[in-house]
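Take a look at the structure below.
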Amino acid sequence: MNTSLRPFEEVRDALLAAAEPVTAIETVSTSAALGRVLAADQVSGLNVPPLDNSHMDGYAVSTADLPAAGTRLVIGQRIPAGSVGRTLARGTAARIFTGAPIPAGADAVVMQELCEADGDGVVINHLPKPGEWVRRAGEDIAQGSTVLSAGVRLNPQMLGLAASVGCATLPVLRRLRVALFSTGDELVMPGEPLPPGAIYNSNRYVLRGLLEALGCEVSDLGIVPDKLDATRAALRDAASRHDLIVTSGGVSMGEEDHIKPAVTAEGRLDSWLIAMKPGKPVAYGHVNDPAGGAGAAFIGLPGNPVSSFVTFILLVRPFVLRAQGVKDCLPKAIPLEAAFDWSKPDRRREFLRARLGADGRVGLYPNQGPGVLTSTVWADGLVDNPSGQVIKAGDRVRFIPYSELLS
């Protein structure tokens, strides 16, 4: 068991290397694929758009019929979206609407604002260039091109793209099965009386919500008593039915912290004291399936609410995404100007709860304590501050928005 202080990136990379992606594939309706991970490249069987079409409401013309602005052409046909017109006769224009196919013989569209109706004809007050306001077939998607690559987590616009090339169903990897439980005899559930010395279990709600937001199938096993036998029994039960076990609390060195000996007895454990603040103690390992199955990966998080939250979004989230088959799973930071002073940095790498202001600068929540859950609600991201780094107002800092961490 490794108890030395280890760099944040080293632990994160070790977790990513240990993540074993699920391989089972399911076919689901495209309308039900939101948040799922695509299992195979999707190749378009058609051009999008399928035909040259009008980008504007106006008149389809042949530029050869327009020697000068002010030329009058007879309106030979009307082409609404969803219909196909006839070949454009010489000396005529076609009244055309956005999205309607360009008729053969036409090579440009003149927007209606530049034209004047004149009985059965139209006066064209603009000399268009060939191709003007024409969307070409395959301009968006060419037939045979890959529109979605395996390993992406499907968002609404990706579903729209799949639908635009006719995909009624999509192959996706099965959901990751995750067991979640908390340890600590001081924990009680909301709605129950709060005895002296007890606290309500907030981590259960935070971690379950984070896992479900990542598309996991979550089994909430509740609170496990601070007893070695009870913890071992919970681990054995979870390992037989899940890919991953996530716990909060019990990963420190106290006499009542039973996670480490329980996981060691039921499998193997690597425990890290990470050079990050908040969230120093994290445990990773594997719990054997007593029935002889594959068992489950194990990640134990600290019990302090903010520590649990931060270690999850920075370490567990990428592990879960990688295990789900997602290729790009690391958050992206944005360089922004600090609106605060940070004069007493820690020797560990700090992740400070922060919020982007209307002026484009980043401010800090005044109390950065590991138990101040209010700070995670006030914030909309984290400032990633290197070890020992003093920050003065006006300095550039690395800001990781929640949009990069909570989905």
May I ask you to decide if [Y]'s main-chain N or O and [X]'s side chain share a donor-acceptor pair within less than 3.5 Å?
X	Y	answer
R361	L336	no
H286	A294	yes
S387	R347	yes
T98	D57	yes
D341	A393	yes
T376	L373	yes
N125	A69	no
R95	G58	yes
N201	R204	yes

Using a 6.0 Å cut-off, check whether atom CD of E26 has over 12 heavy atoms from anything other than its own residue. yes

When rounded to the nearest 0.5 angstrom, what is the spacing between CZ in R153 and CG in L34? 8.0 Å

In D52, D140, N53, the residue satisfying side-chain contact (heavy atoms from CB on, under 4.5 Å) with R135 is N53

Please determine whether a side-chain nitrogen of the Lys or Arg among K280 and D346 lies less than 4.0 Å from a carboxylate oxygen of the Asp or Glu. no

Closest non-hydrogen atom pair between [X] and [Y], with its separation:
X	Y	result
A234	V224	CB-CG2, 3.8 Å
L321	S407	CD1-O, 4.5 Å
P278	V310	CG-CG2, 3.9 Å

